[in-house]
Structure formats: structure tokens, C-alpha cells
There are 2 protein chains.
Amino acid sequence: MATATLTTRQNIRQTAQKLFRERGYAAVGMRELAKEVGIEAPSIYNHYKSKDDLLREICFDIADQFFKASEEVDVNEKSATKKMRAAIKGHISVIAKNIEASGVFFQEWMFLEEPDLAKFKKLRQEYELKFRDIIEKGMKKGDFKPMNVKLVTFTIFSALNATYDLYRTGEKLSQDEIADEIANLLLKGLKN
Amino acid sequence: MATATLTTRQNIRQTAQKLFRERGYAAVGMRELAKEVGIEAPSIYNHYKSKDDLLREICFDIADQFFKASEEVDVNEKSATKKMRAAIKGHISVIAKNIEASGVFFQEWMFLEEPDLAKFKKLRQEYELKFRDIIEKGMKKGDFKPMNVKLVTFTIFSALNATYDLYRTGEKLSQDEIADEIANLLLKGLKN
DNA sequence: ATTATAAACTAACACTTGTTTGTTTCAAAA
DNA sequence: TTTTGAAACAAACAAGTGTTAGTTTATAAT
């Protein structure tokens, strides 16, 4: 384990991710967060502007990672199935690498304040559109069975996004096993 | 619209479902809830013992409905596919009939206080076991492809449980269309 | 008309919320 | 050795928390 000594800022961030995830953003107080870090509440404000600032950093960092992962999906790949599998793997990989933070991303984003909230929603829509495009083109091409694209995209995201919750149950599964099994199930469902 | 005049108690309950769902249990105050109902905060306590009491009623009512729906799945049905489809339809039907409340059920249950929290978890596990059993037997029988049962069950529940969130997006889909499309996708993925 | 009951109210309690102010501590730079 | 700056602190603020006490209002039963 290459666990470098964390800066106070990193420590606050990491603890916030854990607590926001475990107990919910609204239910976690600054004093509780500070105590877990080992400092007093006002000291947090030397590193973050506000409680919301913390949430913002966590959420947008994950958003960033999702986009970067999606950019690595080969644009020239002809097979919709292969393209979809790559997108699914990338998506799950981001979650697996950021279990606490992605939990916050999925469950606590609504506590973001404007204008961040609007920006967040826009980013998310933009990202989801990438998946919908792959599915839509796959259907037109005949790789995928014709179905309600929006509903299918929604369902696939629901399945993928829940994986952050998988590690709590103590399942001893590798990231690849999880990604493959889920991708297999969903892709077989999609295929023509 | 057969909207009968609601009692104050029903009004509180319905408003709580809406607010807890929209803004989260911890973020909704009793004064805000009361204001939306059109009364003062202390008046709520003439109908409910506590804030948690409200959450408890909402969550356990939905739990009840899930169980009742699952009891209507034909035990003598031989085909695992047909049995699974019936279970999926029943599950989605409960969500569709209780969009706000099921949202609370899925997202806010962790704010239940002991011993209700433990009871809730137990019920949920018991219910999920019913689905896992169908899937497991379906695999042994050869109707379903052999896969990691726990992971597959988890994935299917993730897809089903997210449907409460589908109605926000303004999709003009009937409950049956949604249930059929999702069941088709997942069952095709399961099948051998 | 009187009593009983449910359900509303105002006022307040004890405590917690996120955050600000002003001060102190301490290590690195000059 | 002095200065500087970051980062910690205690104390406090205004607002909000769930809830209780005590009282009033209104409706239904005797």
C-alpha cells in the first residue's frame, strides 16, 4: 500500500467523502467532520470555502473522470457491441476507483447550490448522451434490437451506477469480474 | 380524478413523501413540512409521534406492498422466465403506484432509527432472497445462463429500483410499457 | 347546555447548524 | 533573529433543529 501521508486538505476531502456517503450530506455537520479529521470545525475553512465547496469538489472531480474515461472509447470502433462494452468498462472503472466519492456523486449531488447544480446537471446529461448515441447507432445499424432508447439507456445507467454500493456487501469480486458480468448481462439483452 | 378530500393525517403523509423525496429526509424540517400542509409544526404531533415516525410509516408501507406483490407470483409456475417476469412486473407495479413513497423507501431508509432500521434491513433481505431464489433455480434448471447469482440479482434490482426516478424525466410511458421493456432487456440477458 | 375529545395554536426549550472574528501557534524565508 | 504566512484555535453569532407545555378552538356526544 503506497499510502503517502495526506495533507490536511486531502484528509478533510477523504473524510468528507466517507461521511457524506455513509450518512448523507445534510446529516453530516462540520463539527463531526472536523472531529473525524482530528481538528476543530473552523479550521476546515482554512482549506475549503464552505461545506458546499467540499461537495462541489467531490462531485465535479468524479464528473471529470467520467468524461476522461469516455474519451478513451475508440471512436473508430465499428461494432456497437464492442464500443458499448468499452464504455461500460470505463464507467465502472471510474466508480471502482472512487467508491466513496462516486457514492456522493450519485446520491448527494442535489445538495449542490446554484449555479453549480445547473452545471452539474448539464454535464451529466452530456455524458449520458454519449451512451445513448452508441445505443441508438447500434440499433440503426442492426447490432442492437430496436427498443425505446431513452428507457434502455436509463436502465443501463441504473445498473452501472449502483455498483458503488456493491463493495459494502463485502462481495469478493474484482473490478473486472464485476464489469464483465454486468456488461455480459446487459449486452446480451441489447443484442439483436 | 377521484381525488377524495384528504384528512390532515393523509395530507401530512403525502406532503412528507413529496418533500422527503425531493429534498431528502434530513434536509426537510418540521416547520417546512407543516407550512406546505398549511398548519403549524407542533400540530403535526397530533398525528405523528415524531419525524422518524413519519419515515417509518412510509418505508414499512412500501415494504408491505412489495411483499404482497411477491405473494401473487404463482408458486407453481414451472418456467423460471415466466416467474421472473411476473416478479419484475409486480415489483415495478408497486413503484409505479407509489412513486414518491418508493423514492423515500429507496433513498431515505437509512435515517430510520433502531430498532426499525434493523427490522427494515431484514425485511429487504428477505424480499431480495425471493428474487435470488427464482434466478438460482432458473440457472440450475437451465432456463438461465449460469452467472454470479448475487451480482446478477443486485444488478437487476438496481435496474428495477431506479424506475421511481423515471417519472421525473417526463417520459410518457405507461407502467406496462416500462415493465415490459425492462423485463425484456433483463430476461434476454439472463436466458440461456 | 354541558362535557369530552381531537386538533389546532403560541411560546418556548435545549441543542445544533454553518460560518465569522480575532487570536495564537509554528515552521520556513529573509 | 526577525518577519511572514499558513493553519490551527476558542468564542461567539444568527438562524434553525425536533420537540414539549400549556392553552384555545371547534366539533360531536351526553
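Letters go in sequence order (proteins before strands), and every chain restarts at 1. Everything numeric here is computed off the predicted structure, so don't read it as measured data. All heavy atoms count here, side chains included; hydrogens, waters and symmetry mates do not.
Partners of I99(B) by side-chain contact (heavy atoms from CB on, under 4.5 Å), not counting sequence neighbours, listed by chain and number: Y167(B). A search for side chain to side chain donor-acceptor pair (under 3.5 Å) contacts involving Q175(B) returns S93(B), not counting sequence neighbours. With sequence neighbours left out, the side chain to side chain donor-acceptor pair (under 3.5 Å) criterion links K141(A) to D143(A). The side chain to side chain donor-acceptor pair (under 3.5 Å) check on K150(A) picks up E171(B), with sequence neighbours excluded. For E32(B), the side-chain contact (heavy atoms from CB on, under 4.5 Å) partners two or more places apart in sequence, or in a different chain, are L19(B), R23(B), V28(B). Legend: residues meeting side-chain contact (heavy atoms from CB on, under 4.5 Å) with K82(A), ordered by chain and number and at least two apart, are E77(A), S79(A).
With rounding to whole Å, R9(B) atom CZ is found 17 Å from dA8(C) atom C1'. Between the CD atom of E40(A) and the C1' atom of dT19(C) there is a distance of 15 Å, given to the nearest Å. Across the protein-nucleic acid pair, F111(A) atom CZ and dG18(C) atom C1' stand 15 Å apart, rounded to whole Å. Here dT17(C) presents its P atom at 11 Å from NZ of K35(A), a figure rounded to the nearest Å.
First and last contacts of DNA chain D with chain A, using any nucleotide atom under 4.0 Å from a protein heavy atom and ordered 5' to 3', fall at dA7(D) to dA12(D).
An OP1 or OP2 oxygen of dA7(C) is reached within less than 4.0 angstrom by no side-chain nitrogen or oxygen of T8(B).
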Intermediate values then yes/no, side chain to side chain donor-acceptor pair (under 3.5 Å), E100(B) and Y164(B): CA-CA 8 Å; E100(B) 313 275 17; Y164(B) 80 87; over 6 Å; no

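Q10(A) contributes a side-chain N or O that, together with a main-chain N or O of T7(A), makes up a donor-acceptor pair within less than 3.5 Å.
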Side-chain donor-acceptor contacts of residues 112-133 of chain B below 3.5 Å, not counting sequence neighbours, with atom names and distances?
| from | atom 1 | to | atom 2 | distance (Å) |
| --- | --- | --- | --- | --- |
| E114(B) | OE1 | A118(B) | N | 3.0 |
| Y127(B) | OH | H91(B) | ND1 | 2.7 |
| K130(B) | NZ | S70(B) | OG | 2.9 |

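Applying the salt bridge (charged side-chain N to carboxylate O under 4.0 Å, His left out) definition to pairs two or more places apart or across chains, those involving residues 88-98 of chain B are K89(B)-D176(B), K89(B)-D180(B). The salt bridge (charged side-chain N to carboxylate O under 4.0 Å, His left out) analysis of residues 42-55 of chain A, with sequence neighbours excluded, yields the pairs D53(A)-R56(A).
Shown for residues 43-53 of chain A: residues whose heavy atoms fall under 4.0 angstrom of DNA chain C, namely Y45(A), S50(A), K51(A). A heavy-atom distance below 4.0 Å to DNA chain D is reached by these residues of residues 10-33 of chain A, ordered by number: R31(A).
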